Amino acid sequence: MLERGSKLVVASHNKGKVREIGDLIAPFDIKAISAGELGLPEPVEDGKTFAANALIKAQAAATASGLIALSDDSGLAVDALGGDPGIYSARWAGPTKDFSLAMRNVEEALSAKGATTPDQRKAHFVCALCLATPDGEHVIYEGRVDGALVWPPRGENGFGYDPVFLCDGYDITFGEMEAQAKHAISHRADAFKQLMQAQFGV
């Protein structure tokens, strides 16, 4: 489906996500163009899972652009909050997509449950990647990384909930990590490894 030297639409208007995906596919000589650059509308994401929403976005971008499209639906799932924010991770950031607000909302919800220890603040990031063609063919890969939430937020790198996520086995947050270090262990990296193994055998 995917070939070296090809052009790919990243079905996202999130600049941080587009940049991260661009970094991950660059070694394979694939040129990434964002749905935002092409002026593509954002479809209604009414799926009940990360995979379902990833498919909605990828298929819409592939159909509208006539190119292979790659979408990512990802989010933070907090054990003590029953898996929330989950597929609604961006909605916790409000209409302006303010993730400082989202992080504060998650922290307030944890505080209301008296979650203070790392064990009570366990969380994981999930990433569903969908690769879709204009004729309707698609494949989905899912990745995950486990950790716990810290407060206050730490670090200016990454995006979204990265400044409050402490990956298992590390003492710095995703927000404090350099991009390459995060790319080696993140949920998105996990899903990408599966995608590249399937598409390129590496």
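Not measured: the values here are computed from a predicted model.
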Looking at every heavy atom in both [X] and [Y], which two are closest together, and how far apart are they?
X    : Y    : result
D190 : R144 : OD2-N, 3.0 Å
I185 : C167 : CD1-SG, 4.0 Å
G75  : S89  : CA-OG, 3.3 Å
A148 : P118 : CB-O, 3.9 Å
K48  : A52  : N-CB, 4.1 Å
A69  : A61  : CB-CB, 3.8 Å

Ignoring hydrogens and geometry, is there a side-chain-to-backbone donor-acceptor pair from [X] to [Y] under 3.5 Å?
X    : Y   : answer
H187 : L76 : no
N53  : D73 : no
Q59  : L55 : no
K57  : E42 : no
E20  : K17 : no

Count the heavy atoms belonging to other residues, nucleotides or ligands that lie under 6.0 Å from [atom1] of [X], then report whether that count exceeds 12.
X    : atom1 : value
E3   : CD    : no
E108 : CD    : yes
Y170 : OH    : no
R154 : CZ    : yes

Look up atom [atom1] in [X] and atom [atom2] in [Y], then write down how far apart they are to the nearest 0.5 Å.
X    : Y    : atom1 : atom2 : result
Q199 : F28  : CD    : CZ    : 10.5 Å
L81  : K113 : CG    : NZ    : 6.5 Å
R188 : F125 : CZ    : CZ    : 8.5 Å
I56  : D46  : CD1   : CG    : 4.5 Å
I172 : K182 : CD1   : NZ    : 12.0 Å
E176 : D171 : CD    : CG    : 8.5 Å

Applying the side chain to side chain contact (heavy atoms under 4.5 Å, CB included) test to L70, which of L24, L2, L195 qualifies?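 For L70, the side chain to side chain contact (heavy atoms under 4.5 Å, CB included) test succeeds with only one of L24, L2, L195, which is L195.
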Please say which of R121, Q120, H124 ends up in a side chain to side chain contact (heavy atoms under 4.5 Å, CB included) with D79.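 Output: one option passes, namely H124.
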Kindly work out whether a path of hydrophobic side-chain contacts (I/L/V/M/F/W/Y, heavy atoms less than 4.5 Å apart) joins [X] to [Y].
X    : Y    : result
F159 : F174 : no
L101 : L110 : no
F50  : F165 : yes
W151 : V106 : yes
L8   : L38  : no

Evaluate the side-chain proximity of R4 to F200: yes if any heavy-atom separation is below 4.5 Å, no if none is.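 SC-SC contact between F200 and R4 confirmed.
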Could you check if a side-chain atom of N157 sits within less than 4.5 angstrom of a side-chain atom of E178, using non-hydrogen atoms only?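 Side-chain contact under 4.5 Å: yes.
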Ignoring hydrogens and geometry beyond distance, is a side-chain donor-acceptor pair present between T96 and D98 at under 3.5 Å?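 The answer is no; no qualifying pair exists.
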Does a donor on one side chain sit under 3.5 Å from an acceptor on the other, for S12 and N14?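 Short answer, no.
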Run the numbers on M1 and L131 for side-chain contact (heavy atoms from CB on, under 4.5 Å), then give the verdict. CA-CA 8 Å; M1 186 185 290; L131 200 58; 3.6 Å; yes
Would you call the rings of F99 and Y161 parallel, tilted or perpendicular if under 30° counts as parallel and over 60° as perpendicular?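 Aromatic pair F99/Y161 classed perpendicular.
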Please test E142 against V126 for side-chain contact (heavy atoms from CB on, under 4.5 Å), starting from the C-alpha separation and ending with a verdict. CA-CA 7 Å; E142 289 196 64; V126 176; 4.2 Å; yes
Using side-chain contact (heavy atoms from CB on, under 4.5 Å), reason through Q197 and Q194 one step at a time and then give a plain yes or no. CA-CA 5 Å; Q197 174 65 41; Q194 298 172 46; 5.7 Å; no
Which is it for T117 and D119 under the side chain to side chain donor-acceptor pair (under 3.5 Å) test, yes or no, and what are the steps along the way? CA-CA 5 Å; T117 69; D119 273 354; 5.7 Å; no
